[in-house]
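Right, one structure below, let's go through it.
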Amino acid sequence: MSKKVLVATEKPFSPAAVEQLLEVFKAANYDVQLLESYTDKADLLAAVVDADAMIIRSDKVTEEVLGAAKQLKIVVRAGAGYDNIDCAKAAENNVVAMNTPGQNSNAVAELVFGMMIMNARNDYNGKPGTEIRGKKIGIHAYGNVGLYVARAAHGFGMDVYAFDPYVDDEAMKKDGVTPVGSVEELYETCQYVSLHIPENPQTKKSINFELLSKMPKGGTLINTARLGVIDEEGLMKLFAERDDFVYLSDLAPTCKDEITSQYEGRYFFTPKKMGAQTAEANINAGVAAANQIVKFFENGDVTFKVN
Ligand code: 3PG
């Protein structure tokens with residue numbers, strides 16, 4: 001019997017990406033249901049009932065969703081972070097969870113510089129700003145996105161540092177990146193810090209007042225990772241204590257109103273998660289997800305399994 005794939009994207013892929021991933025499933029003779037821009041969780045719960053596979057973005061695959069998905073064998077997060085999937089519950093239900101690492105990394109890295117330069121130029125308000133050339137940037141976690149950030153930073157003439165206990169110092173040095181021995185050293189050294197850590201129980205609220213207050217003058221935190229890694233109480237304390245601190249984030253924090261009402265020029269927040277919102281990233285991640293599903297069913301391939 002033909003497989004049914006549910007593509008559930010509250011934030012839809014670009015039309016070109018949808019077209020290309022549909023081609024993959026057409027060639028495999030799989031049926032596809034597109035559930036785009038849904039606003040009611042009930043729609044997701046209804047659609048997932050007879051799905052054998054699922055492609056999602058930041059859509060939440062909770063215990064409830066998994067409970068409704070009686071046929072589900074695989075869920076692929078078209079993207080890097082899979083904190084939106086209840087991976088343990090999926091494993092318990094014999095559902096394989098996968099991500100598509102690296103597929104949208106360049107898009108995220110480009111947003112880092114888009115936000116940095118816009119802020120360094122005073123949001124293009126006509127007043128003289130600053131340049132990023134010659135400034136120090138610290139990459140907090142040197143994975144796929146971190147590597148693209150490092151390459152672009154070199155292009156802008158920045159000094160590039162990174163902290164990542166899981167990456168060999170020599171690998172960073174080969175990329176022209178200076179490894180530092182501790183997370184504290186990274187924040188002490190760099191005016192700009194770009195966050196690329198995943199959100200998990202260890203990292204939740206780990207970017208706190210103590211760490212951020214180590215940043216040198218003009219300290220600018222760029223968060224294209226996850227909101228949950230920030231300790232917002234500490235963030236607000238730092239905003240209040242230091243009039244030079246800047247926070248640029250892909251998605252607004254819970255304390256958005258407190259920041260925007262008091263600290264003009266010291267923040268930028270995207271209205272929707274924008275890091276992976278390019279046609280290229282959507283095509284890369286969407287098609288990779290589709291191919292991973294076909295390979296899983298046809299060959300038992302579990303290469304990008306995360307649970
Ligand atoms: C990721 O983890 O890949 C990014 O956060 C992208 O998320 P999105 O697919 O919801 O844009």
Side-chain angles (χ1 to χ4, degrees), residues 5-18 20-21 34-39 41 44 53-62 65 75-87 90 97-115 139-149 152 164 166 194-200 202-204 207 221-230 248-253 268-293 303-307:
V5 183
L6 172 67
V7 180
T9 48
E10 179 274 321
K11 187 174 60 186
F13 290 123
S14 69
V18 173
Q20 291 188 36
L21 72 84
L34 277 180
L35 178 69
E36 296 181 315
S37 308
Y38 61 94
T39 49
K41 190 176 63 178
L44 177 62
M54 206 178 166
I55 294 180
I56 52 158
R57 295 186 66 179
S58 289
D59 307 78
K60 288 191 174 35
V61 178
T62 57
V65 173
V75 52
V76 183
R77 194 282 190 240
Y82 47 88
D83 46 291
N84 49 325
I85 303 176
D86 185 336
C87 283
M98 290 187 186
N99 65 351
T100 64
Q103 300 293 346
N104 58 21
S105 306
N106 183 64
V108 179
E110 288 191 13
L111 182 67
V112 170
F113 290 90
M115 294 198 292
I139 301 174
H140 189 169
Y142 195 67
N144 289 310
V145 184
L147 172 63
Y148 282 105
V149 169
D164 193 328
Y166 304 103
S194 189
L195 274 176
H196 302 291
I197 52 176
E199 183 180 334
N200 56 40
Q202 288 74 47
T203 62
K204 217 172 165 68
I207 310 304
L221 181 71
I222 306 117
N223 183 6
T224 55
R226 289 291 181 269
L227 292 180
V229 301
I230 308 287
L248 311 172
S249 175
D250 187 10
L251 265 189
F268 175 76
F269 306 134
T270 55
K272 218 166 175 47
K273 197 157 173 47
M274 291 294 294
Q277 278 299 65
T278 66
E280 293 88 342
N282 286 178
I283 291 170
N284 292 343
V287 172
N291 281 320
Q292 286 171 216
I293 286 172
T303 304
F304 296 103
K305 186 172 186 273
V306 293
N307 69 333

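Indexing begins at 1, ligand by ligand and atom by atom, following the structure's order. Treat the numbers as computed from the prediction; the structure is a model and nothing was measured.
For the side-chain hydrogen bond (donor to acceptor under 3.5 Å, both in side chains) condition, the pairs that include at least one residue of residues 270-282, sequence neighbours left out, are E10-K272, R57-Q277, D250-T270.
If you number the atoms of ligand 1 from 1 as listed, the ones under 4.0 Å from a heavy atom of A276 come out as 6 (C), 11 (O). Of all the atoms in ligand 1, the ones that sit under 4.0 Å from a non-hydrogen atom of R226 are 1 (C), 2 (O), 5 (O). Those atoms of ligand 1 that come under 4.0 Å of a heavy atom in G79, given as number and element, are 3 (O). Heavy-atom contacts of N104 reach the following atoms of ligand 1: 1 (C), 3 (O), 6 (C) (cutoff under 4.0 Å).
Under 4.0 angstrom from ligand 1, there are no non-hydrogen atoms of N99.
Looking from atom 3 (O) of ligand 1 to the surrounding protein, the closest heavy atom is A80 N, 2.6 Å. Residue, atom and distance of the protein heavy atom nearest to atom 10 (O) of ligand 1 are S58 OG, 2.4 Å. R77 NH2, 3.0 Å is the protein heavy atom nearest to atom 7 (O) of ligand 1. The closest protein non-hydrogen atom to atom 11 (O) of ligand 1 is K11 NZ, 2.7 Å.
Annotation: K60, atom NZ; neighbour count of heavy atoms from other residues, nucleotides and ligands within 6.0 Å does not exceed 12.
Between V306 and C87, the shortest heavy-atom contact is CG2-SG, 4.3 Å. For the pair N104 and A78, the tightest heavy-atom approach, listed with the atom from each and the gap, is ND2-O, 4.4 Å. Between T224 and L195 the shortest heavy-atom distance is OG1-O, 3.9 Å.
T203 and R226 share no side-chain donor-acceptor pair at under 3.5 Å.
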Steps toward side-chain hydrogen bond (donor to acceptor under 3.5 Å, both in side chains) verdict (Y82, N307):
CA-CA 10 Å; Y82 47 88; N307 69 333; over 6 Å; no
